[in-house]
Amino acid sequence: MNKFILILTVFIFSGTVYAEQTPIYKEGRIIYYNAPIDSNGFNMVKKLYNLEVGLLIFNSPGGEAGIAMKFAKWIIEHDLEIEIDRYCLSSCANYIFPAGKIKYLNEWSVIGWHGGALQFKKTPIELNDIRTVLSFSNNCDFSKLPKNNILIFESKIKSECVFYKSLSINPIITMYGQTLNDIFYQKNVDFWSYSLDAMEFLGINEIVVKGTDWTPVKMIQEKNIKYFQLNEIKEVLKKAGKSSLLFPLATGAEP
């Protein structure tokens with residue numbers, strides 16, 4: 001995820017480079033956040049916050065997962081709404097976007113995933129790996145995971161699992177792109193996204209598109225964005241032998 005911080009620090013979108021703006025500031029009830037997710041940015045938001053603030057507007061390439069999860073929990077605790085101006089990538093998509101009480105998208109807003117704390121080394125991942133993740137998400141028991149096939153950050157993996165479980169969001173959302181042979185991270189597809197109904201199916205609710213229909217761009221910095229549709233996810237799910245990608249605990253189904 002670190003390479004996105006470097007690439008998108010000078011990310012040009014709609015003819016504007018966010019580094020030329022004041023990156024984090026408050027106007028009325030809104031805090032604008034145009035920066036990577038890090039402790040300095042999070043601390044700045046906490047300093048700017050007062051009880052009149054109800055909305056955070058983001059343009060962010062992501063950042064460190066642990067800080068992003070703490071930031072997301074703070075957003076939830078303060079019952080704040082989130083709006084994505086132009087882009088929300090990596091840990092911004094993983095944790096910040098789902099944390100909003102209401103999640104606003106503009107017409108061209110991009111939400112991009114490319115991995116999380118729990119991430120398989122191999123690609124494509126197999127159907128049995130999906131079953132393993134769903135089993136793990138039932139109680140966040142680290143012993144359920146095959147340590148030879150994943151990147152081991154045990155404390156962050158557990159924190160991510162608990163975070164998603166608290167919001168009834170499926171952890172597959174951070175790794176679903178690895179189920180196909182697009183070979184993410186190696187060719188010209190660096191991250192993926194989902195249709196609105198697919199995001200809802202995976203547990204991200206209360207999404208509101210401002211103005212016209214949501215028609216996000218399909219490429220950033222000459223890198224393609226793969227968009228998954230609901231029917232594709234359901235087809236993989238069917239092959240995995242499950243009727244839902246929601247948490248087994250929530251559906252009452254056995255992993």
Side-chain angles (χ1 to χ4, degrees), residues 1-21 33-37 57-63 68 82-98 100 103-116 119-120 123-125 169-170 172-237 245:
M1 288 188 282
N2 290 337
K3 67 178 180 178
F4 272 96
I5 296 175
L6 297 174
I7 293 172
L8 292 170
T9 297
V10 291
F11 176 60
I12 299 175
F13 207 141
S14 300
T16 301
V17 180
Y18 80 66
E20 294 178 354
Q21 306 169 358
Y33 194 103
N34 302 289
I37 308 298
I57 298 181
F58 277 86
N59 289 304
S60 178
I82 295 294
E83 179 178 333
I84 307 307
D85 176 22
R86 293 164 295 174
Y87 57 96
C88 176
L89 308 176
S90 191
S91 61
C92 181
N94 289 353
Y95 316 115
I96 300 297
F97 180 62
K103 306 148 186 76
Y104 296 101
L105 294 176
N106 289 286
E107 183 177 2
W108 296 292
S109 301
V110 174
I111 314 296
W113 284 266
H114 72 141
Q119 182 175 330
F120 286 81
T123 180
I125 60 174
I169 292 173
N170 195 285
I172 291 294
I173 199 167
T174 68
M175 64 186 74
Y176 189 81
Q178 293 178 284
T179 63
L180 297 185
N181 288 311
D182 290 279
I183 314 182
F184 288 96
Y185 331 121
Q186 297 179 39
K187 291 191 177 179
N188 67 335
V189 181
D190 267 12
F191 58 93
W192 61 86
S193 191
Y194 302 93
S195 63
L196 293 176
D197 56 356
M199 279 193 268
E200 183 176 1
F201 182 71
L202 291 166
I204 300 182
N205 301 300
E206 302 299 330
I207 300 175
V208 175
V209 177
K210 298 177 67 175
T212 58
D213 293 338
W214 186 48
T215 54
V217 298
K218 302 296 192 295
M219 179 177 287
I220 293 177
Q221 291 287 301
E222 299 183 353
K223 299 291 186 179
N224 293 324
I225 307 167
K226 169 71 176 180
Y227 284 85
F228 289 106
Q229 305 300 315
L230 178 58
N231 62 334
E232 297 176 83
I233 296 173
K234 286 186 172 181
E235 181 62 27
V236 171
L237 177 61
L245 272 175

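One finds the CD1 atom of Ile207 at 6.0 Å from the CG atom of Leu196 (value rounded to the nearest 0.5 Å). For the atom pair CD1 of Ile169 and CE of Met199, the computed distance is 11.0 Å after rounding to the nearest 0.5 Å. Taking NZ of Lys103 as the start and CG of Asn205 as the end, the distance is 7.0 Å to the nearest 0.5 Å. Put simply, CZ on Phe201 and CD1 on Ile173 are 11.5 Å apart, with the number rounded to the nearest 0.5 Å. From Ile96, atom CD1 reaches atom CG of Leu89 across 12.5 Å, with rounding to the nearest 0.5 Å.
Without hydrogens or angle criteria, Ser91 side chain to Gly63 main chain gives a donor-acceptor distance under 3.5 Å. The backbone N or O of Cys88 sits nowhere less than 3.5 Å from a side-chain atom of Ser60 that would complete a donor-acceptor pair. The backbone N or O of Arg86 sits less than 3.5 Å from a side-chain atom of Asn59, completing a donor-acceptor pair. Without hydrogens or angle criteria, Ser109 side chain to Asp85 main chain gives a donor-acceptor distance under 3.5 Å.
Under the 3.5 Å distance criterion, with hydrogens and angles disregarded, no donor-acceptor pair is assigned to the side chains of Thr215 and Asp213.
The minimum heavy-atom distance linking Ala93 with Pro98 is given by the pair O-CD, 3.2 Å. For the pair Glu232 and Tyr227, the tightest heavy-atom approach, listed with the atom from each and the gap, is OE2-O, 3.8 Å. Here the closest heavy-atom approach between residue Pro61 and residue Ser90 is recorded as O-CB, 3.6 Å. Closest heavy-atom contact between Pro216 and Val110: CB-CG2, 4.4 Å. Across all non-hydrogen atoms, the minimal contact from Ala198 to Phe228 is CB-O, 3.9 Å.
A cation-pi arrangement is not found for Lys226 relative to Phe191, the charged atom failing to lie both closer than 6.0 Å to the ring centre and inside a 45° cone about the ring normal.
The environment of Glu206 atom CD is sparse: at most 12 non-hydrogen atoms of other residues, nucleotides or ligands sit within 6.0 angstrom.
Evaluated for a ring-ring contact (aromatic ring centres under 6.0 Å, His included) with Trp113, the options Tyr176, Tyr194, Trp192 yield exactly one hit, Tyr194.
Taking a cutoff of 4.0 Å between a charged side-chain nitrogen and a carboxylate oxygen, Lys210 and Glu83 qualify as a salt bridge.
Ile233 is listed as a side-chain neighbour of Leu202, based on a closest heavy-atom distance under 4.5 Å.
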- Message: Using side chain to side chain contact (heavy atoms under 4.5 Å, CB included), reason through Ile84 and Tyr104 one step at a time and then give a plain yes or no.
- Response: CA-CA 6 Å; Ile84 307 307; Tyr104 296 101; over 6 Å; no

